[in-house]
Amino acid sequence: MSIRFGLLALLDQGPRYGSQLRAEFESRTGTTWPLNIGQVYTTLGRLERDGLIRPEGGGDAKQQLYAITDAGRTALDSWFTEPVDRTQPSRDELAIKLAMAVGTPGVDLPAVIQTQRRHTLGAMRDYTRLKADALRAESTATEPASADDIAWLLVLEQLIFYAEAEIRWLDHCESRLVRLAAVRGQRQPLPPPPTAPPTAPAHRSTNRRGASS
């Protein structure tokens, strides 16, 4: 859905070729979400089918100029004014992995959490370095920041905040596992006391007093 409306937003600035849309989309998002050219043309075909764009001029599919329609502008305006639906969250691979690991025998869940934490910390450091580079370039530039530069900073900051939230969540998961382990240890029934081994019965003497030899 975001690719669909991202292309519409670019077409709202004027007609574009498919290759232009791909390049401008990646420039605006800092190549964070690279687009396959086939993905671009598939999306353009669906937008045309739905009456949101129209071809302009001649040319084959890969050399076709596209323009947004009035219906496309209406749909784009609605996209910008309506909130992104968070009541139907997309599937998160990490959340699914941890949920499955909880009930899977033989999986070292603390190790899974620690491995992910190290990876996310590394990614966050990379994003922070890229942000610092972008801000440094902006401070030394002789012209105001372009729309692409501002958009790239917004994307970077979203990635940093997302990584920070994921690390906090992983810390929370680890703490919860520690608490659950402690509670289960307290509820574990005490083993019964060892029973004493049975004593052998005393043997009675078969010799009787006064018995004749």
A71: side-chain contact (heavy atoms from CB on, under 4.5 Å) partners, not counting sequence neighbours: L52, T69
Residues L65 and R16: closest non-hydrogen pair is CD1-C, 3.6 Å
Going by distance alone, is a donor N or O of one side chain under 3.5 Å from an acceptor N or O of the other, for Q39 and T43? no
Salt bridge (Lys or Arg N to Asp or Glu O under 4.0 Å) partners of residues 67-89, not counting sequence neighbours, each pair once: D12-R73, D70-R73
Exercise answer: donor-acceptor pairs, residues 150-162 side-chain atoms, under 3.5 Å, sequence neighbours excluded:
| unit_1 | atom_1 | unit_2 | atom_2 | d |
| --- | --- | --- | --- | --- |
| E157 | OE2 | K131 | NZ | 3.4 |
| Y162 | OH | D92 | OD2 | 3.1 |

Measure across F80 and A9 and return the closest heavy-atom pair with its distance rounded to 0.1 Å. CZ-CB, 4.2 Å
Separation between CD (E56) and CD (Q64), nearest 0.5 Å, reads 9.0 Å
Lys/Arg-Asp/Glu bridge criterion (N-O < 4.0 Å) met for D171, R168: no
Summary of salt bridge (Lys or Arg N to Asp or Glu O under 4.0 Å) pairs that have at least one residue in residues 145-155, sequence neighbours excluded: R28-D148
With sequence neighbours excluded, what pairs up with R46 under the salt bridge (Lys or Arg N to Asp or Glu O under 4.0 Å) test? none
Are L11 and I37 linked, directly or through intermediate hydrophobic residues, by side-chain heavy-atom contacts shorter than 4.5 Å (ILVMFWY only)? yes
How is the hydrophobic cluster of M100 composed, in terms of its other members, when Ile, Leu, Val, Met, Phe, Trp and Tyr link through side-chain heavy atoms under 4.5 Å apart, directly or indirectly? I96
